[in-house]
Amino acid sequence: MPYPTGERMAATTSRRAKTSSALEPVAAQPKGALRILHVAAEVAPFIKSGGLADVAQALPAALRRLGHDARVCLPCYRRTYVEAEKRGVKWLSTPMIIESGGVDHHVGIGEVLLDGMPVYLLACNELYDRDGLYGPSQHQEYEDNARRFAVLSKAALALPGAIGWTPHIIHAHDWQTGLVPVLLQRGFCKALPATRSVFTIHNIAFQGAFPAHDMRLAGLDPWLYNAMHCEHFGRFNMLKTGIAFADRVTTVSRRYAEEIQTPEYGWTLDAVIRHHGYKLSGITNGVDTQVWNPARDPDIAANYDVEDLAGKLTCRRALREECGLAKREDVCLLALVSRLTEQKGIDLVIDAVSPYIIAGRMQLAVLGSGDLHLEHRLNALQARHPGWVYTWYGYNEALAHRFVAGADAFLVPSRFEPCGLTQMYAMRYGTLPIVRYTGGLADTVSDVSAGAGTGFTFGPVDIGHFSAVLDRALGLFQHFPAEWAAAQKRGMTADLSWDKAGREYEGLYKGMTCA
Ligand code: ADP
Ligand code: GLC
């Protein structure tokens, strides 16, 4: 359903809000507190296709716990509207007019509180009121994505004026918001002369590259179309633009900040990253412990904590039952929850697991969606091993929780992984992660062979190395239960919370604003 416009909007607005700012005033912030506006294309629980949504929700929340006035804005997609209505969204009476390539878009502003945090929904029916997020299907993009996200960046900068709130920092996430820094720096929004920009790269493989003429959608001077600014290999590149113009650039783990400076991981932008290295830092994401907590999780068969893991056995039994897997408690149950793509190393799993299943050492449960050829190969694997392999295609938040709680070990064999969240969720739930030693996986999982480890890591991406790490994990599971239990406990008590990352971002912002 589209957000209300015209007469419907006036009716809705007058029913719900008499003034232009519909929410109660936010409590006064302590001295030295910063005002920070986060801008992202996805924010959980309003819309989510991956970890960006988790971060865009949890990071501002962590900053608020530190006493800052952090808020977040995102486009109001069709699904977002439904979620926002459930949460009592209030529409401001006057939409913003955002010009893009000679067309005026009316952008309505919805306000909703998420655990006390103001979330602003930017509603523009002709751009966002669609079933898909980035395209009609996972395999196709919308043709007007350049316009959709140029308008997002412009609307985010116009928002503070519309709600009468001036942020010290605008923190933009990923290519969809890559034009925020350039528009801010080049004075698109005169009301924000002192506001500084932070741009976070969540995945450098996704760059938002469009034909050169799409630059007009942002109203940027044509001379900026050059290799130092907005152009990259003959395309208008929104990620590169964000990197070039932001006051500070961050990425989502320390190790990934180093990796993207190399040709192997830089996806052609490594030289650009090196050039801007003086303003780059890596801050490793955390886990939202409100959402991912085995002691209080409403989606799992039984709750448990580090003192008493009995509930985990119940979760394991329930997951086997739900997935129709053979009831073999002596067998290691491996789970994977992921986008099914080349990045995530799903092909490695498919190629490697059969011998372990035939040997009766392992069962596999996969929850994911993505490349159809990987789904076909997983289907074939399941058909070969009925009762030992389970697959569920699509997006299912509650099932993801049951996988994380019910499995013994959790696979994240990514070719590259800027941070990765599921390995941390697994650790919180006493499920040992088996990960490739890269990016945030390397920053968050230490190998049990090092003594105080929390999981298993492997290096080169090939079946030999992947099979070797599976051997080690299965060996520990079957023959050294005390060591396995010790690793579970270390993972469950590791500090993976957002508070640490929140403090690092706070330090970064303060360094930029002298607050
Ligand atoms: P990425 O953002 O690269 O996909 P992350 O590990 O950062 O990887 O985040 C993935 C997020 O999406 C996690 O919260 C994970 O639980 C969730 N997720 C991925 N696939 C599914 C799925 N099919 N169903 C439910 N949740 C999923
Ligand atoms: C991206 C990355 C993932 C990261 C997430 C949140 O989707 O692929 O590794 O955890 O963003 O930062």
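The first residue in the sequence is number 1, and the count goes up from there. First listed ligand is number 1; within each ligand, the first listed atom is number 1.
Regarding atom 2 (C) of ligand 2, its nearest protein heavy-atom neighbour is His202 O, 3.2 Å.
Close contacts between ligand 2 and Gln343 involve ligand atoms 8 (O) [criterion: under 4.0 Å to a heavy atom]. Each of the following atoms of ligand 2 lies closer than 4.0 Å to a heavy atom of Val252: 12 (O). Atoms of ligand 1 found under 4.0 Å from any heavy atom of Ser338 (numbered from 1 in listed order, with element): 20 (N). Atoms of ligand 2 lying under 4.0 Å from at least one heavy atom of Val55, given by number and element, are 6 (C), 12 (O).
Distances from atom 4 (C) of ligand 2 to the heavy atoms of Gly420, Ala205, Gly51, Ser253 put Gly420 nearest. Selection from Leu421, Asp288, Thr341 by nearest heavy atom to atom 5 (P) of ligand 1 gives Leu421. Among Asn396, Val412, Asp54, Val252, the residue whose heavy atom lies nearest to atom 14 (O) of ligand 1 is Asp54. The residue from Met424, Lys344, Glu417 that puts a heavy atom closest to atom 3 (C) of ligand 2 is Glu417.
At a heavy-atom cutoff of 4.0 Å, ligand 2 is contacted by the side chain of Asn285 but not by its backbone. In His202, neither the side chain nor the backbone holds a heavy atom less than 4.0 Å from any atom of ligand 1.
Look at Glu83 and Lys86 and you find a salt bridge, because one of the NZ, NE, NH1 or NH2 atoms lies within 4.0 Å of a carboxylate O, short of that distance. Here Asp214 does not pair with Arg235 in a salt bridge; the nearest charged N to carboxylate O distance is not below 4.0 Å. Between Asp347 and Arg415 there is a salt bridge, since a side-chain N of the basic residue sits under 4.0 Å from a carboxylate O of the acidic one. Using a 4.0 Å cut-off between a side-chain N of Lys or Arg and a carboxylate O of Asp or Glu, Asp115 and Arg64 do not qualify as a salt bridge.
Of the polar atoms of Cys419, at least one N or O is found under 3.5 Å from an N or O of ligand 2, judged by distance alone.
Enclosure of atom CZ in Arg254 is not indicated, since only 12 or fewer non-hydrogen atoms of other residues, nucleotides or ligands lie within 6.0 angstrom. No more than 12 heavy atoms of other residues, nucleotides or ligands shown are found within 6.0 angstrom of NZ on Lys500.
Contact analysis puts Lys344 in contact with ligand 1, with a non-hydrogen atom separation below 4.0 angstrom. Remark: distances from the non-hydrogen atoms of Pro418 to ligand 1 are all 4.0 Å or more. Within the 4.0 Å heavy-atom shell around ligand 2 one does not find Gly440.
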Test ring-ring contact (aromatic ring centres under 6.0 Å, His included) on Trp292 and Tyr425 and set out the steps.
-> CA-CA 6 Å; Trp292 295 94; Tyr425 300 158; 4.0 Å; yes
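Each of Tyr395, Tyr393, Phe403 was compared with Leu367 under the side-chain contact (heavy atoms from CB on, under 4.5 Å) criterion, and only Phe403 meets it.
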